[in-house]
Amino acid sequence: MALKRSTRRILSRTVLYAVLLGVLLLVGLSADWATIRANFFAPAGIGNPFVGDWGTWPDLITVGVKNSLIYTVVAFGAGLVLGVVLALMRLSPVAAYRWLATAYIEFFRGLPVLLVVLVMAFGIPIAFNGWTPPGGTVGAGVVGLILVAAAYMAETIRAGIQAVPKGQTEAARSLGMSAGRTTTTVVLPQAFRIVIPPLTNEFVLLIKDTALLFVIGFAADQRELTTIARDFMASSATAGTATSLIQASILYLIITLPLTRLVSWLERKQQKAR
Amino acid sequence: MNASASAAPAIQIRDLHKSFGSNRVLTGIDFHVDHGEVVCVIGPSGSGKSTLLRCVNRLEEPDSGQIVVEGIDICDPETDLDAVRSRIGMVFQQFNLFPHMNVLRNLTVAQQKVKGRSKKEATEIARANLDKVGLGGRENVYPAHLSGGQQQRVAIARALSMDPDMMLFDEPTSALDPELVGDVLEVMKTLASEGMTMMVVTHEMGFAREVGDKLVFMDGGVIVEEGDPREVLSNPQHERTQAFLSKVL
């Protein structure tokens with residue numbers, strides 16, 4: 001067969017598209033669309049905005065999305081502070097601090113997040129005579145998220161600090177700045193610039209990890225997005241269908257997709273600056 | 001400064017030793033810089049000249065020996081090293097400007113945080129020093145938008161803004177494109193003519209000849225030869241100096 005190169009290329013492309021189309025047709029034709037629509041896209045949940053019917057969206061957003069974001073922001077903020085402390089400890093000239101930080105980081109990175117959340121949610125009240133952080137059991141569960149997030153962020157921040165050229169520290173020290181002053185005014189601001197993309201990724205991971213709080217049980221107004229979606233499968237207009245789970249998925253994606261796009265944009269920008 | 005301190009040399013180094021692991025970089029350096037003197041240190045790479053310079057403000061920790069700067073023993077554990085460093089200006093090969101701060105902030109940050117100057121006072125001093133290095137009006141630019149030569153002049157202005165007693169230069173023109181070297185050397189000449197005490201590690205033999213009061217040739221961790229720059233450059237006594245100069249001149 002002496003086909004021309006260009007002809008061969010067109011032929012192989014055509015075959016690839018034909019296979020894709022075939023698979024899509026097969027799935028499309030064999031699926032039971034009426035049942036899928038009834039069980040995953042029930043009109044009572046999805047609503048119809050054109051006639052002012054918002055379905056179950058308002059509840060999912062004002063309770064679920066709101067709480068998910070609150071828990072994420074709290075866990076991220078506290079985890080960041082603890083992460084910076086751990087990163088500085090890992091780079092400390094005092095050996096005991098280095099060991100302590102390393103042990104902490106290895107410990108929490110080696111455990112399932114779900115397990116840490118469970119242990120904290122039920123363990124903190126036991127360990128502290130029934131005292132819980134603000135938010136009760138949920139607050140204790142968020143502490144679990146904080147502890148794990150801090151371990152991951154500490155490693156990211158440490159790498160960022162080490163990526164700041166040594167000459168920066170030397171310049172600051174030669175101007176008479178103390179070691180601490182050098183860290184806060186010269187090293188950390190530059191390190192943070194470097195770690196903004198990976199920290200944004202960590203934020204996205206935390207949004208998804210808040211779904212793990214599902215296991216610890218909530219007051220109604222404390223429910224995060226996955227929990228309230230799960231409840232809607234049992235009791236609401238969409239009971240008995242998975243519609244609320246689909247709705248929750250859409251809401252998660254509306255939050256996470258722009259953030260992951262932002263991360264890749266920031267990374268491209270940083271690469272260009274180099 | 002009391003009378004005895006001003007009578008002593010600006011920098012006095014006695015029997016300085018420094019190794020990196022098994023690599024002996026400095027093996028018994030005795031050396032001094034007088035007030036108002038411009039001392040140029042030359043030598044092949046790996047001769048220990050940069051390490052010697054960096055020992056003067058203890059960016060490198062000496063293994064043994066004594067370093068006295070303005071009458072203060074900087075290896076004494078009781079010495080306030082930050083205070084001493086704030087009086088020794090240092091200029092690096094790679095400029096090391098703070099990239100996240102604009103030019104003005106580069107010049108004022110240490111003035112305010114180390115010297116405790118007000119923002120107004122620090123800004124005035126910074127502007128005066130920027131004018132001096134020929135970069136007046138560039139206060140709001142970030143270092144990345146300046147050429148290498150401009151960055152190095154900002155770095156000099158940053159060091160000068162601390163009102164240092166002396167300036168250390170670690171190969172200040174080695175990272176520059178040839179056409180940018182002149183502006184930086186011009187600024188250094190002005191400084192020298194104003195009586196600034198300077199220790200300059202350099203490959204610029206022309207600068208050493210024209211501006212230097214003393215030339216030090218180092219090789220293999222020791223000072224091989226030192227003396228009047230014109231004398232040493234035109235009539236080196238030691239054969240290692242002769243060999244080195246025949247390659248670079």
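What you are looking at is a predicted structure, and each value in this text was computed from that prediction instead of being measured. Protein chains get the first letters and strands the later ones, always in sequence-line order, with residue 1 at the start of each.
Counting heavy atoms of neighbouring residues, nucleotides and ligands inside a 6.0 Å radius, atom CZ of B:R105 exceeds 12 of them. Summarising the local packing, NZ of A:K166 is surrounded by 12 or fewer heavy atoms from other residues, nucleotides or ligands at distances under 6.0 Å. Atom OH of A:Y104 has more than 12 heavy atoms from other residues, nucleotides or ligands within 6.0 Å. For A:F122, the CZ atom is densely surrounded, since the number of other residues' heavy atoms within 6.0 Å is greater than 12.
For chain A, the nearby part of B:L59 is the side chain; its heavy atoms alone come within less than 4.5 Å. For a residue to count as touching a neighbouring chain, one of its non-hydrogen atoms must lie under 4.5 Å from one of that chain's; by this rule B:F92 touches chain A with the side chain only. Only the side chain of B:R54 comes within less than 4.5 Å of a heavy atom of chain A; its backbone N, CA, C and O stay farther away.
To the nearest 0.5 Å, atom CD of residue A:Q190 and atom CE of residue B:M101 are 8.0 Å apart. Atoms CE and CD, from B:M90 and A:E170 in turn, are 7.0 Å apart once rounded to the nearest 0.5 Å. Taking NZ of B:K113 as the reference point, atom CG of A:L175 lies at 12.5 Å (rounded to 0.5 Å).
Under a 3.5 Å cut-off, the side chain of B:H100 and the backbone N or O of A:V187 do not form any donor-acceptor pair. For the pair B:N96 (side chain) and A:A171 (backbone), a donor-acceptor distance under 3.5 Å is absent. Formation of a donor-acceptor pair under 3.5 Å by the A:Q168 side chain with backbone atoms of B:L97 is found in this model.
Between B:N57 and A:S174, the closest heavy-atom pair is ND2-CB, 3.7 Å.
Between A:R181 and B:D82, none of the side-chain N atoms (NZ, or NE/NH1/NH2) sits under 4.0 Å from a carboxylate O, so this pair counts as no salt bridge.
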